[in-house]
Amino acid sequence: MADFIVAAILLAAVGMAVTHIVKAKKSGVKCIGCPSGGCCGGKKDGSSGCSCGCPAAKMH
């Protein structure tokens, strides 16, 4: 029974992480892990106004 509970908790955690990533990517966030990641996604012209310094912001 304990194995079932541990498996359910792990499955729930992975499911929540995947849901978070999918929602963030749909909203246009390029840098999910950094706190300033939301500033990268709002540009329609493809330019990056992000000042977070993460690798994804430097590529654009």
Starting at CE of Met16, measure out to CG of Leu11 and round the result to the nearest 0.5 Å.
10.5 Å

Among Ile, Leu, Val, Met, Phe, Trp and Tyr joined by side-chain contacts under 4.5 Å, find the other residues sharing a cluster with Val18 and list them by chain and number.
Val14, Val22

Residues passing the side-chain contact (heavy atoms from CB on, under 4.5 Å) test with Val6, sequence neighbours excluded, are Leu10

